[in-house]
Amino acid sequence: MKLIDCPHIGPRPASEFVYGGPYRRMPDPDAVDDKTWTEYVFNRAGSPGVKLEWWYHTPSGSWFIAERDTLRDLFLRTLTVSEVHHGHG
């Protein structure tokens with residue numbers, strides 16, 4: 001059975017989690033030009049590799065960020081949202 005290490009409650013079966021999409025830090029809309037904003041809205045890095053992603057642990061109602069190698073489908077680490085937002089990720 002595949003386990004995912006939830007940063008809130010520890011390792012749990014993968015069936016308890018839902019993928020929430022790629023994590024991308026949004027630029028400040030008031031501080032960027034139109035080109036930068038357009039890049040953020042319309043362009044995504046779709047090639048396989050190491051990505052930051054949103055994940056949701058359904059039983060606990062907890063969102064977190066996972067660093068995952070999408071080529072190998074391997075979770076490298078998981079972080080709380082505050083860890084990522086405060087530069088610890």
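Hydrogens, waters and symmetry mates are skipped; everything else that's a heavy atom, side chains included, is used.
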Whether W54 and W63 hold their rings parallel, tilted or perpendicular, with breakpoints at 30° and 60°: perpendicular
Taking every non-hydrogen atom, the tightest pair across T70 and P48: OG1-CA, 3.3 Å
Side chain E16, main chain P13, donor-acceptor under 3.5 Å: no
Heavy-atom pair with the smallest gap, counting every atom of P11 and L3: CB-CD1, 4.4 Å
In one Ile/Leu/Val/Met/Phe/Trp/Tyr side-chain cluster, 4.5 Å: V81, M26: no
Shortest non-hydrogen contact from N43 toward R24: O-NH1, 3.4 Å
Cation-pi, F17 ring and R12 (6.0 angstrom, 45 degrees): no
Over all atoms of both residues, closest heavy-atom pair of P27 and W37: O-CZ3, 3.6 Å
Flag side-chain contact, heavy atom, 4.5 Å: L79 against Y23: no
From CZ (F64) to CD (E53), nearest 0.5 Å: 10.0 Å
From L76, T78, L74, residue fulfilling side chain to side chain contact (heavy atoms under 4.5 Å, CB included) relative to E67: L76
Pairing residues for F75 by the ring-ring contact (aromatic ring centres under 6.0 Å, His included) criterion, not counting sequence neighbours: W55
Closest contact, heavy atoms only, S62 versus S60: OG-OG, 2.8 Å
Same cluster (ILVMFWY, side-chain, under 4.5 Å), I4 and Y56: no
Crowding at CG, D34 (>12 non-hydrogen neighbours, <6.0 Å): no
Close side-chain approach of V84 and R25, heavy atoms under 4.5 Å: yes
Crowding at NZ, K35 (>12 non-hydrogen neighbours, <6.0 Å): no
